[in-house]
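Quick notes on the structure that follows.
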Amino acid sequence: MISLTSNELNYLVFRYLHESGFTHSAYAFGYEAELHKSTIDGNVVPPGALVTFIQKGLQYLELEADLSSSSDADMDDDFSFLQPLDLITKDAYQLQKMVREKKDRMNAANQKNESKEESERENAQEVEEERRDREKEEEEDREDKSHKEREQEIGKENEETHEDHNEIEKMEPEENGACGGVEPMEITPTSISLPSEIPSSDVTVLEGHTSEVFACAWSPSGSLLASGSGDSTARIWTIADGGCGSGMQNEPANVVVLKHFKGRANEKSKDVTTLDWNGDGTLLATGSYDGQARIWSRDGELRTTLIKHKGPIFSLKWNKKGDYLLSGSVDKTAIVWDIKSGEWKQQFEFHSAPTLDVDWRNNVSFATCSTDTLIHVCKVGENQPIKTFSGHQGEVNAIKWDPTGSLLASCSDDFTAKIWSTKQDKYLHDLKEHVKEIYTIRWSPTGPGTNNPNQQLVLASASFDSTIKLWDVELGRLLYSFNGHRDPVYSVAFSPDGEYLASGSMDKCMHIWSVKEGKIVKTYTGNGGIFEVCWNKEGDKVAACFANNVVCVVDFRM
């Protein structure tokens, strides 16, 4: 008899979580189950394998129970009495007993109904005969009355016909004049504001990855786009200036493959979970499920491998100066790496659960957040947090400093986003309009300290409730709720001028919204859920990475 090992079952659960979009849960589970030591080849495991196994198991239990030894039709009837949970929780004898009892009750009810129906049929025949006699008499009376009324109506109609004819002639000139205006059919389309679907001629599809693409980032210095995937590679694509072309772009000349494995490809322990360019676009840092951070040149040369974490890396950020790299891991710690020496400078061990996100405040201080619901503000050289924010009731999924480094935004599984200031312990604003977990947040590139100082600073939050919300951070109130998606929204990104917001969802759609008008102005639909969206520095291209192994680059022109 074929059996399933605990290691194989763990892998199926990992894949189920991963495919369902529960990325953090998947990696945390995989780490604790030590899947990185597994020899399972992920390429031979089809999507939805766990659900398929459960369905086949239910079918087997049905056969094992063999509830009826008669025909197939009888057996189908027997199974109709059972629920899937019955098949899992009860043995064959209990199932047979349940079916027998339900069938006995149903047969008894049927017999009772049959005798009752027979009695009712006899009574109904007598009632029916009486009704027919009564209707016959009423019908004769109605015919006499109807004949007299019809004779009166005919006379009246002849008198009114001439008057109606004159009235119609008077109305005709007015009706003809009205026809010169707008007809109702021409008005209808303008009353509905339909988003503009981006044509395929404005989209370049980058093919090459062999698993989901989790992360993408444009180089701040030019036309390079980096992507990170579950296939154990990152890729650096050279995107030509000017308009995107339809079709695929996967020629070797346009892409450099950054392999995170030495032997067999597609090891789950080498998933690329996060990536970040340094400030001048000369170096790319990647974080992997194997707990290692790697630094690459823009040409794809591996410069440094940073080894210290004992679990998957979820977040990686360069400081503005480019001399330090910050990483956060499932091992509950954050590490600051000295890029010049290629060594770790300081490890911060303040969280009691996995570190989910990190973000620099300036060149030497930063914040970390965790599944332990806490946020720590730390500083290089200090052995204790310089500030700790507590207030969330669930995992804190993401944190972001505003452009001036004075306000910190956070979002959580507790359905709230919060805004904090280092000047006080309690949050400044508690943003409570979402009805499900908030996965990510982004500040607009507007207000003091940005290239758009005269525009209002706003915060965007994206949630599993399928909405994006825009917040007035000064007053802590909701400005807009963007309701165009149908599934969880995993990523949002503002255009460099702050006028537009791109969003990517598990519904396979990328929408581009007008921040001022609060409506969709462009939309693109792919063939898989979207994990991340990002703008190039010119603001004329948006990239999106998909669960169906591709990266799409979209031209944006208004």
Taking the side chain as C-beta and beyond, is there a heavy-atom pair between Val515 and Leu470 under 4.5 Å?
yes
To the nearest 0.5 Å, what is the distance between CZ (Phe314) and CG (Asp331)?
10.5 Å
So do Ser444 and Leu457 actually touch side chain to side chain, heavy atoms under 4.5 Å?
yes
For Asp402 and Leu407, indicate whether the former's side chain and the latter's backbone hold a donor-acceptor pair under 3.5 Å.
yes
Between Ser365 and Trp360 the two heavy atoms that sit nearest each other are O-CE3, 3.5 Å
If we ignore hydrogens and angles and just use 3.5 Å, is the side chain of Glu34 paired with the main-chain N or O of Glu32 as donor and acceptor?
no
Heavy-atom side-chain proximity of Asp487 to Ser466 below 4.5 angstrom:
no
With no hydrogens and no angle check, just 3.5 Å: does a side-chain donor-acceptor pair link His511 and Thr523?
yes
Atom of Asn363, atom of Lys321 and distance for their closest heavy-atom approach:
OD1-N, 2.8 Å
Does a donor on one side chain and an acceptor on the other come within less than 3.5 Å for Lys432 and Thr416?
no
Would you give the length of the straight line joining atom NZ of Lys332 to atom CG of Asp372, rounded to the nearest 0.5 angstrom?
9.5 Å
Worked check of side-chain contact (heavy atoms from CB on, under 4.5 Å) between Ile399 and Ser410:
CA-CA 4 Å; Ile399 45 173; Ser410 61; 3.9 Å; yes
List the atom of Ala234, the atom of Val272, and the distance in Å for their closest heavy-atom pair.
N-CG2, 4.1 Å
What closest approach, in Å, do Met510 and Ala544 show between heavy atoms, and which atom pair accounts for it?
SD-CB, 4.0 Å
Heavy-atom check, side chain of Tyr324 versus side chain of Val380, under 4.5 Å
yes
Does the pair Thr467 and His485 meet the rule for a side-chain contact (heavy atoms from CB on, under 4.5 Å), with working shown?
CA-CA 7 Å; Thr467 73; His485 287 293; over 6 Å; no
With no hydrogens and no angle check, is any side-chain donor or acceptor of Asp299 less than 3.5 Å from a backbone partner on Glu301?
no
Have Gln347 and Thr333 got a donor and an acceptor in their side chains that come within less than 3.5 Å?
yes
For the pair Ser329 (side chain) and Pro312 (backbone), establish whether a donor and an acceptor sit closer than 3.5 Å, ignoring hydrogens and angles.
yes
Would a line drawn from the ring center of Tyr490 to the ring center of Tyr439 be shorter than 6.0 Å?
yes
Rounded to the nearest 0.5 Å, what's the gap from CG on Leu206 to OG1 on Thr238? Could you check?
10.5 Å
Main-chain N/O of Leu306 paired with Trp337 side-chain donor or acceptor, under 3.5 Å:
no
Any donor-acceptor pair under 3.5 Å linking the side-chain atoms of Thr273 with those of Asp271?
no
Distance (rounded to the nearest 0.5 Å) between Cys378 SG and Lys387 NZ:
13.5 Å
Indicate yes or no for a side-chain donor-acceptor contact from Gln424 to the backbone of Lys426 under 3.5 Å, with no hydrogens or angles considered.
yes
Start with the C-alpha distance between Trp535 and Phe556, add both sets of side-chain angles, then the distance that settles ring-ring contact (aromatic ring centres under 6.0 Å, His included), and finish with yes or no.
CA-CA 10 Å; Trp535 295 79; Phe556 179 71; 5.3 Å; yes
Can you tell if the side chain of Phe348 reaches within under 4.5 Å of the side chain of Val336, non-hydrogen atoms only?
yes
Under a 3.5 Å threshold, yes or no: a donor from one side chain and an acceptor from the other, between Ser315 and Asp357?
yes
Report yes if the side chains of Leu316 and Leu325 come closer than 4.5 Å at any heavy-atom pair, otherwise no.
yes
Checking side-chain polar atoms at under 3.5 Å, does Asn278 have a donor or acceptor matched by the opposite partner on Thr282?
yes
Within the 4.5 Å heavy-atom criterion, are Val458 and Phe494 side-chain neighbours or not?
yes
Within 45° of the ring axis of Trp344 and under 6.0 Å from its six-membered ring centre, is that where the NZ or CZ of Lys308 lies?
yes
Quick one: pull up CG in Asn549 and OG in Ser229 and give me the separation to the nearest 0.5 Å.
6.5 Å
Between Asp413 and Asn397, do the side chains contain an N or O donor and an N or O acceptor separated by less than 3.5 Å?
yes
Could you walk me through whether Asn319 and Leu326 pass the side-chain contact (heavy atoms from CB on, under 4.5 Å) check?
CA-CA 8 Å; Asn319 67 350; Leu326 174 63; over 6 Å; no
Roughly how far, to the nearest 0.5 Å, is CG of Leu275 from CD1 of Ile313?
12.0 Å
Sidechain N-carboxylate O distance under 4.0 Å for Lys345, Glu343:
no
Mind checking whether Trp420 and Phe389 have parallel, tilted or perpendicular rings, split at 30° and 60°?
parallel
Does the pair Lys270/Asp290 count as a salt bridge with the N-to-O cut at 4.0 Å?
yes
Looking at every heavy atom in both Asn527 and Lys508, which two are closest together, and how far apart are they?
C-CD, 3.9 Å
Verdict with reasoning, His209 to Ser227, per side-chain hydrogen bond (donor to acceptor under 3.5 Å, both in side chains):
CA-CA 9 Å; His209 283 296; Ser227 58; 2.8 Å; yes
Near Glu474 CD, under 6.0 Å, is it more than 12 heavy atoms from other residues, nucleotides or ligands?
no
Compute the centroid of each ring, for Trp296 and then for His260, and state whether the two points are separated by less than 6.0 Å.
yes
Determine whether more than 12 heavy atoms belonging to other residues, nucleotides or ligands lie under 6.0 Å from atom NZ of Lys317.
yes
Ignoring hydrogens and geometry, is there a side-chain-to-backbone donor-acceptor pair from Trp443 to Lys400 under 3.5 Å?
yes
Side chains of Tyr427 and His429 in contact at under 4.5 Å (non-hydrogen atoms):
no
Distance-only polar pair, side chains of His351 and Thr368, donor-acceptor under 3.5 Å
yes
Between Trp218 (side chain only) and Ser223 (backbone N and O only), is there a donor and an acceptor less than 3.5 Å apart?
no
Taking everything shown except Asn548 itself, do over 12 heavy atoms lie less than 6.0 Å from its CG?
yes
Whether Asn452 side chain and Pro496 backbone form a donor-acceptor pair below 3.5 Å:
yes
In terms of relative ring orientation, are Phe482 and Trp513 parallel, tilted or perpendicular, with 30° and 60° separating the classes?
parallel
Main chain of Lys418, side chain of Asp430: is a donor-acceptor contact present, judged purely on distance under 3.5 Å?
no
Are any of the side-chain nitrogens in Asp555 or Arg557 under 4.0 Å away from the carboxylate oxygens of its partner?
yes
Does Leu225 form a side-chain contact (heavy atoms from CB on, under 4.5 Å) with Val551? I'd like the steps, not just the answer.
CA-CA 10 Å; Leu225 175 67; Val551 182; 3.8 Å; yes
Any side-chain donor near an acceptor of the partner, Thr233 and Asp231, under 3.5 Å:
yes
Atom of Pro354, atom of Ser370 and distance for their closest heavy-atom approach:
O-OG, 2.8 Å
N-O pairing of Asp323 and Lys340 below 4.0 Å
no
Do Phe366 and Trp401 have ring centroids that are under 6.0 Å from one another?
no
